[in-house]
Student: 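My questions all concern the structure below.
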Amino acid sequence: MPKIVDHEARRRQVAEIAATLIARCGLEGTKVRDIAALAGCSTSIVSHYFHSKHELLLSAYRLCMERTSSRVDAATGAGRPLAEILSGVLPLDEERMDSWRIWLAFWGLATTDEAFLIEQRQRSREAVDLFHRAIISTGRIVEGEGSFLIAQALLSAAAGIATQAVYDPERWPADRQREILALHIAGHLPQP
């Protein structure tokens with residue numbers, strides 16, 4: 001009897017391995033043969049799931065962004081305080097640090113690759129919407145042009161904090177990241 005393979009699960013597994021390698025080795029250092037070896041398959045199997053390395057890299061990127069969005073949406077849905085919700089995007093642990101390493105790797109690629117630029121633009125817009133939903137859920141501000149501006153400002157602050165934490169983790173530990181994000185939130189929103 002032939003082995004039954006869950007193709008979507010296998011595709012996701014390969015994308016997760018690619019994401020791990022991107023976080024550790026960068027885009028240039030991530031090789032399809034290494035992904036295949038870690039997945040326990042051949043490069044032809046990887047090619048079966050992804051038509052190109054470009055498609056594989058994009059899937060790995062989307063996977064990381066999906067995890068971040070899910071984390072923030074879950075905290076928003078649970079009615080957590082805004083600082084806790086938005087800190088869900090910060091590199092407070094190794095998984096989130098890897099997500100930021102991946103995001104930063106793709107920022108560079110987006111400057112020279114049209115497909116990744118379009119993807120980055122879309123993900124950035126989704127991130128503003130994610131922050132906006134979180135801000136509105138607190139009831140601290142009415143939805144409108146001003147609330148979107150605040151979402152953009154807080155996303156920019158979070159991206160800056162995260163970038164510093166990736167480049168200089170000793171000076172930007174989790175508590176410092178949370179503290180600085182809280183300062184930004186306090187500067188943009190009325191207190192509860």
Side-chain angles (χ1 to χ4, degrees), residues 19-20 22-24 26-27 57-58 60-113 116-192:
T20 299
I22 294 166
R24 299 290 180 256
L27 291 171
L57 295 176
L58 201 52
Y61 175 75
R62 287 175 178 155
L63 180 68
C64 291
M65 298 309 103
E66 218 175 82
R67 283 187 189 137
T68 299
S69 293
S70 294
R71 184 182 309 110
V72 172
D73 277 335
T76 300
R80 308 301 307 160
L82 186 60
E84 185 179 329
I85 293 169
L86 299 185
S87 69
V89 304
L90 297 176
L92 303 176
D93 55 35
E94 198 58 36
E95 178 188 330
R96 290 185 268 183
M97 182 67 80
D98 283 352
S99 288
W100 272 99
R101 288 182 185 119
I102 292 163
W103 194 332
L104 290 170
F106 280 96
W107 276 359
L109 188 57
T111 63
T112 59
D113 185 297
F116 281 112
L117 173 61
I118 291 167
E119 183 74 21
Q120 182 62 37
R121 192 176 290 143
Q122 177 62 32
R123 296 300 169 181
S124 292
R125 290 173 182 169
E126 289 172 4
V128 170
D129 290 342
L130 184 71
F131 270 49
H132 187 255
R133 286 192 305 274
I135 291 165
I136 294 303
S137 77
T138 68
R140 290 168 63 181
I141 189 167
V142 176
E143 184 172 355
E145 184 60 33
S147 62
F148 276 100
L149 188 63
I150 291 169
Q152 288 176 310
L154 291 177
L155 176 62
S156 296
I161 293 165
T163 301
Q164 293 297 323
V166 169
Y167 294 142
D168 192 3
E170 290 77 31
R171 301 240 2 221
W172 291 80
D175 289 343
R176 173 61 53 94
Q177 293 176 55
R178 287 186 190 100
E179 181 181 7
I180 293 172
L181 180 61
L183 288 172
H184 283 284
I185 291 169
H188 289 291
L189 291 171
Q191 296 305 311

Student: Quick check for you: to the nearest 0.5 Å, what is the distance between His184 atom NE2 and Leu155 atom CG?
Tutor: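 Spacing of NE2 (His184) from CG (Leu155) equals 12.0 Å.
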Student: Using the test side chain to side chain contact (heavy atoms under 4.5 Å, CB included), find all partners of Leu183 that sit at least two apart in sequence or belong to another chain.
Tutor: none
Student: How many angstroms lie between CD in Glu179 and CD1 in Ile161, if you round to the nearest 0.5 Å?
Tutor: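 So the gap between those two atoms works out to 10.0 Å.
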Student: Using the side-chain contact (heavy atoms from CB on, under 4.5 Å) rule, take Ile136 and Ser147 through it: C-alpha gap first, then chi angles, then the decisive distance, then the call.
Tutor: CA-CA 8 Å; Ile136 294 303; Ser147 62; 3.8 Å; yes
Student: Using 4.0 Å as the upper bound for N to carboxylate O, is an ion pair formed by Glu84 and Arg178?
Tutor: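 Salt bridge between Arg178 and Glu84, a charged N being under 4.0 Å from a carboxylate O: no.
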Student: Ion pair present between Glu94 and Arg24, side-chain N to carboxylate O less than 4.0 angstrom?
Tutor: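 Here Glu94 pairs with Arg24 in a salt bridge, since their nearest N and O are under 4.0 Å apart.
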Student: What pair of heavy atoms forms the shortest contact from Leu90 to Ala158, and how long is it?
Tutor: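 That would be CD2-O, 3.7 Å.
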Student: Quick one, Asp98 with Glu95, criterion side-chain contact (heavy atoms from CB on, under 4.5 Å). Give me CA distance, side-chain angles, the key distance, then yes/no.
Tutor: CA-CA 5 Å; Asp98 283 352; Glu95 178 188 330; 5.8 Å; no
Student: What residues, two or more places apart in sequence or in another chain, satisfy side chain to side chain contact (heavy atoms under 4.5 Å, CB included) together with Arg121?
Tutor: Leu117, Arg125
Student: Let me confirm one number: the OG1-CE distance from Thr68 to Met65, rounded to the nearest 0.5 Å.
Tutor: 5.0 Å
Student: Does a salt bridge link Arg71 with Glu66, judged by any charged N lying under 4.0 Å from a carboxylate O?
Tutor: no
Student: How would you list, by chain and number, every residue that makes a ring pair (Phe, Tyr, Trp, His ring centres under 6.0 Å) with Trp100, sequence neighbours excluded?
Tutor: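 Once residues adjacent in sequence are excluded, the partners of Trp100 under the ring pair (Phe, Tyr, Trp, His ring centres under 6.0 Å) criterion are Trp103.
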Student: In chain order, what residues pass the side chain to side chain contact (heavy atoms under 4.5 Å, CB included) check against Ala151, with sequence neighbours excluded?
Tutor: Val128, Phe131, His132, Ile135
Student: Considering non-hydrogen atoms only, spot the tightest contact between Arg176 and Arg171 and give its length.
Tutor: CG-O, 3.9 Å
Student: Go through the structure and list residues passing side chain to side chain contact (heavy atoms under 4.5 Å, CB included) with Ala134, not counting sequence neighbours.
Tutor: Thr76, Leu82, Ile85, Leu86
Student: Would you say Gln177's side chain and Ala162's backbone share a donor-acceptor pair under 3.5 angstrom?
Tutor: no
Student: Return a table of donor-acceptor pairs under 3.5 angstrom between the side chains of residues 105-113 and protein atoms on other chains or two or more places apart.
Tutor:
| unit_1 | atom_1 | unit_2 | atom_2 | d |
| --- | --- | --- | --- | --- |
| Thr111 | OG1 | Gly108 | O | 2.6 |
| Thr112 | OG1 | Leu109 | O | 3.4 |
| Asp113 | OD1 | His54 | NE2 | 3.3 |
| Asp113 | OD1 | Ala115 | N | 3.0 |
| Asp113 | OD1 | Phe116 | N | 3.0 |
| Asp113 | OD2 | His54 | NE2 | 3.0 |

Student: I need the minimum non-hydrogen distance between Ile22 and Ala60, along with the two atoms involved.
Tutor: CD1-CB, 4.0 Å
Student: Quick one, Arg123 and Arg62 - any side-chain contact, counting heavy atoms below 4.5 Å?
Tutor: yes
Student: How many angstroms lie between atom CG of Leu189 and atom CG of Leu154, to the nearest 0.5 angstrom?
Tutor: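 Between Leu189 CG and Leu154 CG, I get 6.0 Å after rounding to 0.5 Å.
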Student: If you round to the nearest 0.5 Å, how far is OG of Ser87 from CD1 of Ile180?
Tutor: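 Atom-to-atom, Ile180:CD1 and Ser87:OG are 13.5 Å apart.
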Student: Measuring from Asp73:CG to Arg133:CZ, what's the distance to the nearest 0.5 Å?
Tutor: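 Going from the CG atom of Asp73 to the CZ atom of Arg133 covers 4.5 Å.
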Student: Considering all heavy atoms of both residues, which atom of Pro169 and which atom of Met97 are nearest to each other, and what is their separation?
Tutor: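 Taking every non-hydrogen atom into account, CB-CE, 4.3 Å.
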